[in-house]
Amino acid sequence: MHKYVQLIVCLYALLVPAAFAGVKVSAPSNGATVQSPVHYSASAGSTSCSKGVASMGIYTAPGVLAYVVNGSSLNTEITLSAGTYDTTVEQWDYCGGASTTPIKITVSKESGVFVTAPANNASVSSPVHFAATATSTCSKGVASMGIYTAPNRKAYVSSGATLNTNLTLAAGTYNTTVEEWDYCGGASTTPLTLVVGGGSGKTLSNLQASGGWNGYGELAPKYNICSECPGVTWSMKQGIKSPSLSGKAAQYNIGGTTPYSDVLWNNHLIGDGSTQGLPDSGHTIVPTVHNLTYDVYFYGNNLQLAENLEFDIGQFFDNLGLMFGTQCQMVNGQVWGIWDNVNGRWVSTKAPCHPLNNSWNHLTIRFERTSSNDLMYKTITLNGVTSTINATYPPFSAPGWYGIVVNFQLDGNYKQSPFTVYLDNLSVTYY
């Protein structure tokens, strides 16, 4: 599929002069294996109710409310038998509204260290929240627990069989270990690999509410870019208050009559045509950027009508083009696809993509430009579950292009069924 390179060429030709939020659950991680009692820690998301959040609770199964607390935060432990649970953390406001976040966990009956936060291979920010419990075959029990941020580098110790703390860590990748020591001289460990975001990174926030967005059709089967094209329709509306997390979400719509047609929305952040006041005329920013993060919440009532949902960042300098393209392939295997720049094709990964309807889905994608100027797709985190990609591809030739751009794209299905997706809290971090 070579439409992408053609599309970018056309975009740069134009540039060159001539509600509710989901509950924020920090522990346990979605999909985690834990030990009873299970530690839950959460805070309420934003609400349009002027009176605020009244209470929060935990369901261990549909209709089974196991815990309720007044206020906008929650920190407790729940005793559960071994098994798999589709739990839900919910908030209720004073206006009768509610919002939920589903958390699937497996409660193990075996001994060992059970870490509820952070998730293995997670991309996190500092300070990093660690929460864990432990059991032992020692009849006297667990004496203490600790965290190693590197081999032989013990950063934290606590007495007893539970651990709950925050560690300040510099940007980088860490091979951490959570360990327990029992009263019989035994020990057990659980390793965790973490990527801590750069503290020196700069973030462009709330981009869905920014000016400078342009929409373009891509009519099947050639997918040439068009500003007005029969067969595909689109629109974008900003300042949406419901559904919304921030009160200023953006609504993206696609329709038409030609099957498999797409719509791209594009915003030039840094460099040529910057909408963020960053023209970088001295070329001091873009060439120094090696790490990029696309972070967004998206919401839809019928996401299954999409062929793909596409999220991209492009970086251009020194006649090189690095299009970090990712798509949630709703039809083709329900996995993530990544863009091979040189061969102009999508490559399916094994990373699953199962976004939820009628709920805010949190997506974080981390990219890297290597020292040899190759593109590295590092991790994709959807609703708290991180997939490590670590796939590398060479850049393509882009003479005269300069800047960093952000894209969002909706791909039509075999019927070109109309559907809508909302974006909120869209940010791009670079360093």
Under 3.5 Å, side chain of [X] to main-chain N/O of [Y], donor-acceptor pair present?
{"X": "N332", "Y": "M330", "answer": "no"}
{"X": "N302", "Y": "Q304", "answer": "no"}
{"X": "S99", "Y": "Q91", "answer": "no"}
{"X": "N413", "Y": "L305", "answer": "yes"}
{"X": "D93", "Y": "A54", "answer": "no"}
{"X": "T100", "Y": "T88", "answer": "no"}
{"X": "Q315", "Y": "V289", "answer": "yes"}
{"X": "R366", "Y": "L292", "answer": "no"}
{"X": "S26", "Y": "S41", "answer": "yes"}
{"X": "T101", "Y": "V89", "answer": "no"}

Note to self: Please verify the inter-ring angle class for W336 with F311; under 30° counts as parallel, over 60° as perpendicular, anything in between as tilted.
What the structure shows: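 Tilted, since the angle between the ring planes falls between 30° and 60°.
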Note to self: In terms of relative ring orientation, are W360 and Y299 parallel, tilted or perpendicular, with 30° and 60° separating the classes?
What the structure shows: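 Judged by the thresholds at 30° and 60°, the geometry between W360 and Y299 is tilted.
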Margin query: If you compare all heavy atoms of A249 against all heavy atoms of S244, which two are closest, and at what distance to 0.1 Å?
Written below: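 That closest heavy-atom pairing would be N-OG, 3.5 Å.
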Note to self: On a heavy-atom basis, which atom in I105 and which in Y40 lie closest, and how many Å separate them?
What the structure shows: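 Distance-wise, the nearest heavy atoms are CD1-OH, 3.6 Å.
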Is the closest side-chain donor-acceptor distance between [X] and [Y] under 3.5 Å?
{"X": "S372", "Y": "T370", "result": "yes"}
{"X": "H129", "Y": "N164", "result": "yes"}
{"X": "Q416", "Y": "S261", "result": "no"}
{"X": "T293", "Y": "T429", "result": "no"}
{"X": "Q409", "Y": "N407", "result": "no"}
{"X": "Q329", "Y": "S348", "result": "yes"}
{"X": "N390", "Y": "T388", "result": "no"}
{"X": "N425", "Y": "H362", "result": "no"}
{"X": "N383", "Y": "N361", "result": "yes"}
{"X": "N121", "Y": "T386", "result": "no"}

Check: How far apart are the C-alpha atoms of D374 and T392, what are their side-chain angles, what is the distance that settles it, and do they pass the side-chain hydrogen bond (donor to acceptor under 3.5 Å, both in side chains) test?
Finding: CA-CA 6 Å; D374 287 331; T392 303; over 6 Å; no
Note to self: Using side chain to side chain contact (heavy atoms under 4.5 Å, CB included), reason through D312 and M323 one step at a time and then give a plain yes or no.
What the structure shows: CA-CA 7 Å; D312 321 308; M323 180 51 66; 3.9 Å; yes
Check: Can you check whether T275 reaches W213 side chain to side chain, under 4.5 Å on heavy atoms?
Finding: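 They are not in contact (no side-chain heavy atoms under 4.5 Å apart), so the answer is no.
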Checklist line | Side-chain heavy atoms of Y252 within contact of L410, under 4.5 Å | finding: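 Contact flag for Y252/L410 side chains = yes.
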Margin query: For the CZ atom of R153 and the OG1 atom of T177, what is their distance to the nearest 0.5 Å?
Written below: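 Going from the CZ atom of R153 to the OG1 atom of T177 covers 12.5 Å.
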Note to self: Please report the interatomic distance CG(N301) to CG(N357), rounded to the nearest 0.5 Å.
What the structure shows: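 Going from the CG atom of N301 to the CG atom of N357 covers 7.0 Å.
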Would you give me the side-chain donor-acceptor pairs under 3.5 Å for residues 58-76, sequence neighbours excluded?
from: N75; atom 1: OD1; to: H39; atom 2: NE2; distance (Å): 2.8

Checklist line | Within 45° cone of W181 ring axis and under 6.0 Å: K140 NZ or CZ | finding: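 Judged by the rule, K140 and W181 form no cation-pi pair.
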Margin query: Tell me which one of Y294, F408, Y297 satisfies side chain to side chain contact (heavy atoms under 4.5 Å, CB included) with L426.
Written below: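 With L426 as partner, Y294, F408, Y297 yield a single side chain to side chain contact (heavy atoms under 4.5 Å, CB included), made by Y294.
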